[in-house]
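What follows is one structure encoded as structure tokens, with my remarks underneath.
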Amino acid sequence: MLRRALIHEAGPPLSFKNRIIPKGALPMGDMPLAERSARNLFAAGVEEIFIVAENGADWYSKLAARYPGLRLLPPGAAWLEECGDALVLLSDVLYETAALTLLLNEHRRDVQLASAAKEPSGICRLSGNKLAASLHEAISGAPLRPCDRLLWSRIQSPEQREEAENSLLPQIREADALRQVRREVLLNPGPATTSDSVKYAQVCADICPREQDFGEIMAWICGELSMMAGKPGRVETVLFGGSGTAADEAMISSCVPDEARLLILDNGAYGERLAKIASVYKLNFDIYKSSGAAPLDLAALKDKLTAGNFTHFALVYHETTTGLLNPAPELCRFCQEKGITTIVDAVSAFAAIPIDMDRDGFDFMASTSNKNIQGMAGVAFVFCRKEALEKTALYPMRNYYLNLWDQHAHFKKTGQTRFTPPVQSLYALRQAIIETRLEGIENRYARYAACWEILAGAVKKLGLSMLVPEEAQAKLITAILEPASPDYSFASLHDFARAGGFTIYPGKLSGADTFRIANIGDIRPEEMTAFADLLAGYMRSLGAAENRP
Ligand code: PLP
């Protein structure tokens with residue numbers, strides 16, 4: 001697997017519309033050539049892109065500032081020795097994305113794609129040792145692989161640019177569109193909608209997960225996840241094959257010593273599940289019960305925490321049952337002051353709500369690959385503050401597969417998980433992390449919130465009601481009270497929505513008849529608008545009046 005790429009801006013700049021610009025800055029459709037390449041490379045699973053620019057450093061440094069993972073390097077610098085094998089593209093080449101797939105599947109370490117007439121394309125994969133010796137020679141000396149059907153062209157003048165924009169670019173768009181996967185918009189609370197690049201990340205050469213390169217991929221995943229959960233060096237991420245409940249069970253079963261007293265907040269199905277897990281392991285625990293539809297009584301909960309001599313506290317950050325956001329940072333910081341260890345189920349909060357475990361007072365935190373990180377189901381992860389994790393080394397081992405310390409210690413020692421990891425889900429997670437890094441967690445939350453605003457607006461306009469007061473919601477999932485009409489059934493609404501390309505979810509809270517709409521995953525505001533229109537259509541079919549005062 002190639003994890004790095006290089007974009008090479010070689011030769012003199014061009015004059016374009018009275019400006020002197022590097023060739024990679026030439027506009028092509030909706031973005032410049034080099035930016036198109038960078039996006040293609042990230043979508044093909046490249047974690048890091050180096051730019052070597054013989055001119056146009058200013059333009060490239062502005063581009064690099066907009067893309068985490070893109071770095072402008074001075075030509076000939078020592079980094080070439082560390083680069084390793086990489087995809088290498090000249091900045092002036094326009095191509096269909098299948099070119100990158102071809103190269104990723106190549107057995108040869110040095111190869112350049114070419115036309116049937118052996119005209120080199122400037123699209124290569126090159127070995128680290130050749131790159132380290134000389135970038136120019138590595139490119140010019142790479143054996144050619146002729147591909148007569150591949151769409152590509154070098155763009156070296158404004159005239160060529162115009163011609164390519166009018167004729168080649170539409171063909172490339174069509175060729176790339178042929179690979180698109182049918183879109184289903186999942187408005188259930190995870191597994192969430194994924195990008196095509198995340199789906200395609202699973203389709204790659206077989207690998208034995210005991211190989212060192214796969215271990216390096218898992219280590220990279222852990223490192224990147226840790227950086228999303230705290231400051232560098234502060235958090236350890238421990239991976240398991242499993243769903244979100246596996247991460248919850250790993251935490252509860254591994255982080256609470258025998259002599260401890262655990263308090264669990266139960267204000268929804270997932271808090272209740274934490275308590276169920278604690279009961280299975282016969283831990284010494286108590287439950288603080290609260291409504292799933294209303295904010296917590298913080299003072300009462302804090303009183304219980306202090307009066308009850310609790311040593312550990314577990315809660316769900318975002319109760320996916322109802323969409324209620326628990327004030328986990330406030331509660332966990334309070335616990336930290338009292339010396340109480342905190343265990344947070346952030347399964348549906350992580351990667352949407354910005355988290356810093358030190359700042360927020362979280363000792364342990366669970367999440368999973370198929371929610372806001374926008375990967376596939378199958379990987380559970382537990383984030384641990386380093387000192388908190390160290391303490392668990394001597395705690396009793398209550399189960400085998402899900403033991404946090406054993407999994408962590410084994411991985412540190414061997415670079416492998418103890419048992420077979422879910423290889424394809426991990427590849428998808430790797431791609432999802434690349435895309436999360438590109439979007440940024442704050443921007444992701446802003447996108448989710450924009451979708452939620454559209455939904456909430458539609459709900460109000462249609463005279464429906466939300467179960468949880470707006471100010472207590474995380475804006476990630478909305479529990480909506482079912483319409484009173486005798487013609488309503490969840491099944492009919494579900495089927496109506498599914499026929500329109502949207503999957504929705506039933507309610508989960510006992511005592512309130514709701515259906516739930518999540519707005520997490522790779523979804524766009526315009527899709528939520530389309531869903532709002534569809535919901536209005538369904539309501540009309542029930543005879544409900546729109547625009548009720
Ligand atoms: N915790 C929370 C807050 C959840 O939302 C979920 C699933 O939706 C889980 C735990 C359980 O995750 P899984 O169904 O992947 O086991």
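For reference, positions follow the sequence shown, starting with 1.
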- request: Decide side chain to side chain donor-acceptor pair (under 3.5 Å) for T392 and S254; before the verdict, give the C-alpha distance in whole Å, the side-chain angles of both, and the deciding distance to 0.1 Å.
  value: CA-CA 7 Å; T392 66; S254 310; over 6 Å; no
message: Under the criterion side chain to side chain donor-acceptor pair (under 3.5 Å), I'd like the reasoning laid out for S348 against K371: C-alpha separation, chi angles, the key distance, then a yes or no.
response: CA-CA 6 Å; S348 62; K371 298 241 189 244; over 6 Å; no
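Salt bridge present: E47 and R430 bring a charged side-chain N and a carboxylate O closer than 4.0 Å. Salt-bridge check for R437 with E435: failed, with every basic side-chain N at 4.0 Å or more from each acidic carboxylate O. At a threshold of 4.0 Å, the pair E387-R385 counts as salt-bridged, since one of the basic side-chain nitrogens sits closer than that to a carboxylate oxygen. Ion pairing between a basic and an acidic side chain is recognised when a charged N comes within 4.0 Å of a carboxylate O; D522 and R183 show such pairing. A salt bridge links D286 to K304: at least one charged side-chain nitrogen sits closer than 4.0 Å to a carboxylate oxygen.
A cation-pi contact links R261 to F310, judged by a cut-off of 6.0 Å to the six-membered ring centre and 45° from its axis.
If you look at F381 and F383, their ring centroids are closer than 6.0 Å. Close placement of the Y400 and F419 rings is indicated, their centers lying within 6.0 Å of each other. No close placement of the F313 and F285 rings is indicated, their centers lying 6.0 Å or farther apart.
E35 and Y67 form a side-chain donor-acceptor contact under 3.5 Å, judged by distance and modelled atom types alone. With no hydrogens or angles considered, a side-chain donor-acceptor pair links Y281 and N399 at under 3.5 Å. With no hydrogens or angles considered, no side-chain donor-acceptor pair links E390 and W405 at under 3.5 Å. Side chains of Y427 and Q202: a donor-acceptor N/O pair is absent below 3.5 angstrom, by distance only.
Between M218 atom CE and L239 atom CG the span is 7.5 Å, to the nearest 0.5 Å. Atom CD1 in I264 sits 10.5 Å away from atom CG in L315 (nearest 0.5 Å).
No side-chain heavy atom of F362 sits less than 4.5 Å from a side-chain heavy atom of I343. Looking at heavy atoms from C-beta onward, L296 lies in side-chain contact with P327 at the 4.5 angstrom threshold. Side-chain contact between C384 and V382 is present, with heavy atoms from C-beta onward closer than 4.5 Å.
The local environment of NZ in K391 is sparse, with at most 12 non-hydrogen atoms from other residues, nucleotides or ligands closer than 6.0 Å. Around CD of E442, the count of heavy atoms belonging to other residues, nucleotides or ligands within 6.0 Å does not exceed 12.
Of the candidates D360, D358, D356, D363, R234 forms a salt bridge (Lys or Arg N to Asp or Glu O under 4.0 Å) with just one, namely D358.
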